[in-house]
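Both backbone and side-chain heavy atoms feed into the values below; hydrogens, waters and symmetry mates do not. This one's a predicted model, so the numbers in the text were calculated from it and none came from an experiment. Per chain, numbering begins at 1; letters A, B, ... match sequence-line order.
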Amino acid sequence: MYLRQQKKLEERLRAVLRELYQIEVGNIVIDQPPEIRFGEYASPVAFELARKLRKAPRKIAEEIVAALGAIEGFAGFEVAGAGYINSRLDRGTAVQAIAGGSDIETFAEHLHSLVEHTSINPNKAAHVGHLRNAILGDTFVRLLRAAGQKVDVQNYIDNTGVQVADIVVGLMHLEAMSMTDVQKLMSRLAESGERIDYYCWDLYARVSQWYEADEMEKQARKQVRLDTLHEIERGGNEAAAIGELISTAVLRRHLETMLRLDIEYDFLPRESEILHLKFWDLAFEQLKAKGVLYFEAEGKNKGCWVMRRMSWLLEKINTTTTESGENISELESADYYDEASEVSIFSRPKSADEDAKVIIRSNGTVTYVGKDIAYHLWKFGLLGRDFGYRRFFTYPDHDCWISAESGEPDHPQFGGAQAIYNVIDSRQADPQANVIGALIGMGYTDQAAHYTHFSYEMVALTPRCAQELGYEVPEEDRGRPYIEVSGRKGFGVKADDLIDQLIAATQKEVDERHPELDQVTRREIAKEIAVGALRYFMLKYTRNSVIAFDFKDALSFEGETGPYIQYAVVRTRSIFRKGETTAERALAEVADIDPSPYLAGGEADEIWQVWLRAAKTSLLLDQCIGTAEPAYLARHAFQLAQDFSNFYRKHHILTEPDPARKKFLMATAAVTQRELIRSLGWLGIRAPEMM
RNA sequence: GGGCGAGUAGCUCAAUUGGAUAGAGCACCGGCCUUCUAAGCCGGGGGUUACAGGUUCGAUCCCUGUCUCGCCUACCA
């Protein structure tokens with residue numbers, strides 16, 4: 001309702017400006033007045049026109065208001081302050097419309113999108129940083145799906161990288177294990193209920209220390225690491241087999257951890273297949289043919305195949321654009337690859353570009369960015385080769401597939417998406433930008449424009465939290481706001497430990513509050529609250545804010561938290577239970593009455609505030625997708641819960657004597673419940689029956 | 001050296017992307033359970049938005065400079 005009326009108002013303003021002043025205003029700014037008593041929409045458009053028209057803004061605003069006439073659903077327009085144009089909705093009509101439903105259809109897009117998130121190296125347990133990634137990604141998937149998009153969820157698995165190699169080194173060299181020993185180890189762990197990912201967490205830290213421990217041996221040990229890495233990449237040997245076994249087991253653990261948070265995946269592309277199916281060879285041919293990649297014959301990169309950096313391109317086209325991906329759409333108009341002459345803007349420079357990015361080293365091996373370019377060509381359906389697929393993990397209503405050299409004949413289609421989102425932390429902005437740069441250089445500007453590096457800042461630990469975990473915090477770090485986690489040092493909070501702690505804390509509360517419920521139900525409620533607390537905690541910060549993790553904050557269930565919002569829903573449920581009706585019925589019954597009398601006067605503003613906020617959920621969905629920022633919706637849900645709590649205290653619903661007013665108050669609780677559950681659902685948070 | 005991000009209340013963060021009196025949560029102080037669940041509500045104190053200029057009707061937001069912090073910038077992967 002809110003969004004639809006805003007668009008109507010915008011159009012009318014546009015028409016009025018055309019009539020009165022023969023002016024086209026590109027973007028008509030409409031926001032909300034500082035106080036609800038001023039109306040629902042405010043536009044400062046008169047200020048903007050003041051200079052152009054050489055008139056006082058207030059005068060312009062008066063002329064516009066006079067010319068607006070009547071707009072369906074609006075009660076009136078007025079000039080406020082120095083020249084704001086405030087618009088009031090007809091509250092009675094609006095309430096009926098809000099009770100009727102949402103207006104997602106005003107912006108729904110039927111794109112085929114691909115979201116990649118989680119992507120944890122399968123060599124250790126997931127930690128809080130990975131949780132932020134997965135929760136952000138999963139939430140964004142839910143938002144896109146809510147807006148009508150078809151979304152594939154991918155979790156990229158670097159199963160042949162140096163981190164997996166480190167684990168293999170640990171098993172083969174520190175523990176002197178063979179393949180059969182490793183198999184025995186795994187069944188021993190399984191029997192004793194120990195987690196393979198936790199075992200690897202410690203082993204990874206040990207191996208990282210081992211490399212550095214002995215100055216004399218350092219060189220040799222690093223060589224062991226490199227040799228192991230190459231064996232794993234090549235495949236068909238013991239190191240590769242052990243790597244495969246361990247990484248697959250750890251991967252399975254990651255999927256189980258994420259499932260605790262209701263996070264599911266559709267496809268797991270692995271680096272091993274990107275290597276063995278030779279994706280790179282095809283990408284190399286394309287890059288070479290289009291001149292994006294060229295052989296460097298001199299300078300420090302002599303003997304390598306190199307590519308211009310994105311930063312160079314941005315400077316070249318003289319834009320102020322900096323953040324990777326986000327403003328690529330501005331590049332669309334220009335041509336960076338000329339089809340006719342087959343010349344790319346990236347073509348070989350006259351003198352060596354020392355700053356160029358090396359894609360193929362002088363020893364003939366491909367760098368990470370090179371493989372990533374190939375993979376992203378596949379994502380957009382531009383590579384000309386596909387993975388094999390086989391089933392890997394089963395969810396209640398679908399399967400998760402994994403890449404394979406030769407897979408099952410019948411499988412769903414992946415790749416070939418119209419838009420992609422890569423949930424990757426901000427430290428990888430540069431490599432991401434270079435992949436985008438390669439696409440642009442190859443002439444795939446449209447794809448580059450739909451490539452979003454969904455970047456976010458890391459989760460670090462407060463010094464206090466680090467000390468609680470038993471880590472020695474150096475003197476100079478104690479005053480800092482946060483300390484970066486480190487897998488190599490085994491320094492961090494493991495995801496499953498945190499979830500366990502959260503459940504233990506919520507379980508205690510639920511047991512105390514509801515001794516009458518059976519244990520299974522109490523357990524279920526405790527889990528829902530714990531997950532709600534965790535997911536909300538990770539979502540309430542905007543993406544580019546570093547989260548300084550602290551158990552005190554994360555284990556809080558009061559104030560701006562998930563449980564606060566869940567609690568508001570539980571209160572509405574309680575009202576309908578005691579009132580022996582349902583939210584659906586309460587919303588339907590608002591049609592029987594005229595709510596207008598209850599929406600007028602100062603006292604009514606706080607009730608109207610609930611309806612207005614509830615009406616904005618769709619607007620928030622639109623904004624969250626446009627800005628790739630789920631935090632706005634998290635905040636919206638909190639504010640709606642807050643508005644409701646305020647209303648709830650002041651207006652006692654079930655004892656309301658006026659039957660028509662009672663229906664209206666019931667509908668107020670109902671619309672809150674509907675919008676809170678909807679918003680929470682998109683945030684991946686369930687709304688418990690009781691708490 | 002270059003690039004990016006950040007600096008807002010004691011602490012952690014917002015601020016609808018240039019709009020009206022910069023808002024929340026936590027912490028602190030005071031009040032509210034015989035009434036739909038107190039994981040709640042109400043009230044209070046708390047601010048030179050790092051600093052200095054500039055742009056304009058209007059700046060936390062844009063521009064220039066300075067300071068502080070973090071990250072990125074390898075033929076490692």
Next item on the list: Evaluate the side-chain hydrogen bond (donor to acceptor under 3.5 Å, both in side chains) criterion for residues Asp511(A) and Gln507(A): first the C-alpha distance (whole Å), next the side-chain angles of each, then the deciding distance (0.1 Å), finally the verdict.
Entry: CA-CA 6 Å; Asp511(A) 288 349; Gln507(A) 184 79 66; 3.1 Å; yes
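- A donor and an acceptor atom never sit less than 3.5 Å apart when one is taken from the side chain of Arg635(A) and the other from the base of A24(B).
- Look at Glu484(A) and Arg427(A) and you find a salt bridge, because one of the NZ, NE, NH1 or NH2 atoms lies within 4.0 Å of a carboxylate O, short of that distance.
- Within the 4.0 angstrom heavy-atom criterion, only backbone atoms of the sugar-phosphate kind lie near Tyr541(A); the bases stay farther away.
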Next item on the list: Return one dot-bracket line describing RNA chain B 5' to 3' (Watson-Crick or G-U wobble pairs, both distances under 3.5 Å; ( ) same strand, [ ] crossing, | another strand, . none).
Entry: (((((((..((((.....[...)))).(((((.......))))).....(((((..]....))))))))))))....
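- A22(B) and C13(B): their P atoms are spaced 23 Å apart (whole Å).
- Base contact: Lys302(A) has a heavy atom under 4.0 Å from a base atom.
- With both ends at atom P, the span from G18(B) to C71(B) equals 29 Å, rounded to whole Å.
- Counting atom types as modelled, Tyr632(A) pairs a side-chain N or O with a base atom of U17(B) as donor and acceptor under 3.5 Å.
- In this structure the side chain of Val358(A) never reaches within 4.5 angstrom of the side chain of Glu296(A), judged on heavy atoms.
- Minimum atom distance to the side chain of Tyr648(A) is reached by A38(B), of the listed C72(B), C13(B), A38(B).
- Thr367(A) contributes no side-chain N or O that forms a donor-acceptor pair with the base of C75(B) under 3.5 Å.
- Residue-level contact check: Tyr564(A) touches the backbone only, with heavy atoms under 4.0 Å from sugar-phosphate atoms and none from bases.
- Listed pair Arg480(A) / C69(B) fails the phosphate criterion, with no side-chain N or O lying under 4.0 Å from OP1 or OP2.
- As a whole-Å value, the separation of Leu621(A) CG from U16(B) P is 19 Å.
- Among the heavy atoms of the strands, none lies under 4.0 Å from Ser426(A).
- Here Asp355(A) lies out of heavy-atom contact (under 4.0 Å) with every strand.
- Phosphate contact (OP1/OP2 of C57(B), side-chain N/O of Arg51(A), threshold under 4.0 Å): present.
- Looking only at side-chain heavy atoms (C-beta outward), Val531(A) and Arg686(A) stay at 4.5 Å or farther from each other.
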Check nucleotides 25-28 of chain B for protein N or O atoms closer than 3.5 Å to its own N or O atoms and list the pairs.
residue, atom, partner, partner atom, Å
G25(B), OP1, Gln642(A), NE2, 3.3

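- Of the candidates C36(B), A39(B), U12(B), the closest approach to any side-chain atom of Lys578(A) belongs to C36(B).
- For Tyr84(A), the side-chain atoms get nearest to G19(B) when compared with the rest of U56(B), G19(B), C13(B).
- Geometrically, Arg225(A) engages Tyr211(A) in a cation-pi contact, judged by NZ or CZ lying under 6.0 Å from the ring centre and within 45° of the ring axis.
- Listed by chain and residue number, Phe284(A), Phe295(A) satisfy the ring pair (Phe, Tyr, Trp, His ring centres under 6.0 Å) test with Trp305(A) (two or more places apart in sequence, or in another chain).
- Comparing G30(B) with G45(B), their C1' atoms are spaced 11 Å from each other, to the whole Å.
- The CD-C1' distance, from Glu509(A) to A38(B), rounds to 12 Å in whole Å.
- A15(B) and C61(B) are spaced 10 Å apart, taking the C1' atom of each and rounding to whole Å.
- With contacts defined as side-chain heavy-atom distances shorter than 4.5 Å, the pair Arg132(A)/Glu457(A) qualifies.
- Side-chain contact between Ile607(A) and Leu665(A): present, with at least one pair of heavy atoms (C-beta onward) separated by less than 4.5 Å.
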Under 3.5 Å, N/O pairs linking protein and nucleotides 30-35 of chain B:
residue, atom, partner, partner atom, Å
U35(B), O2', His652(A), NE2, 3.2

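- For Ile529(A), the side-chain atoms get nearest to A39(B) when compared with the rest of A39(B), A77(B), A38(B).
- When each of A20(B), U16(B), G5(B) is scored by its nearest atom to the side-chain atoms of Asn544(A), the top-ranked nucleotide is G5(B).
- The residue Glu656(A) sits apart from the nucleic acid: no heavy atom pair falls under 4.0 Å.
- Straight-line distance between the C1' atoms of C67(B) and A27(B): roughly 30 Å, to the nearest whole Å.
- Contacts of Ala80(A) with the nucleic acid, taken as non-hydrogen atoms under 4.0 Å apart, include base atoms.
- Residue-level contact check: Val546(A) touches the backbone only, with heavy atoms under 4.0 Å from sugar-phosphate atoms and none from bases.
- The closest side-chain heavy-atom distance from Phe664(A) to Asp658(A) is not below 4.5 Å.
- Qualifying salt bridge (charged side-chain N to carboxylate O under 4.0 Å, His left out) partners for Asp622(A), counting only residues two or more places apart in sequence or in other chains: none.
- When rounded to the nearest whole Å, the span between CE of Met458(A) and C1' of C71(B) equals 7 Å.
- Nearest to the side chain of Lys371(A), among A20(B), C72(B), A77(B), sits A77(B).
- Closest to the Ala42(A) side chain, of the nucleotides U12(B), A20(B), C72(B), is A20(B).
- Counting any heavy atom pair closer than 4.0 Å across all strands shown, Val570(A) reaches a base atom.
- The residue among Lys357(A) and Tyr368(A) whose nearest nucleotide of RNA chain B lies closer to the 5′ end is Lys357(A).
- With salt bridges taken as basic N to acidic carboxylate O contacts below 4.0 Å, one links Arg513(A) and Glu509(A).
- Of the C1' atoms belonging to U48(B) and U8(B), the separation is 12 Å, rounded to the nearest Å.
- With sequence neighbours excluded, the residues that form a salt bridge (charged side-chain N to carboxylate O under 4.0 Å, His left out) with Arg37(A) are Glu35(A).
- Considering only side-chain atoms of Gln623(A), the nucleotide from C36(B), A39(B), U16(B) that sits closest is U16(B).
- Taking each heavy atom of Arg361(A) and Thr365(A) in turn, the nearest pair found is NH1-OG1, 2.6 Å.
- Looking at heavy atoms from C-beta onward, Pro630(A) lies in side-chain contact with Phe454(A) at the 4.5 angstrom threshold.
- A heavy-atom distance below 4.5 Å is found between the side chains of Val65(A) and Ile85(A).
- Contact annotation: side chain of Asn86(A) to base of A20(B), donor-acceptor pair present below 3.5 Å.
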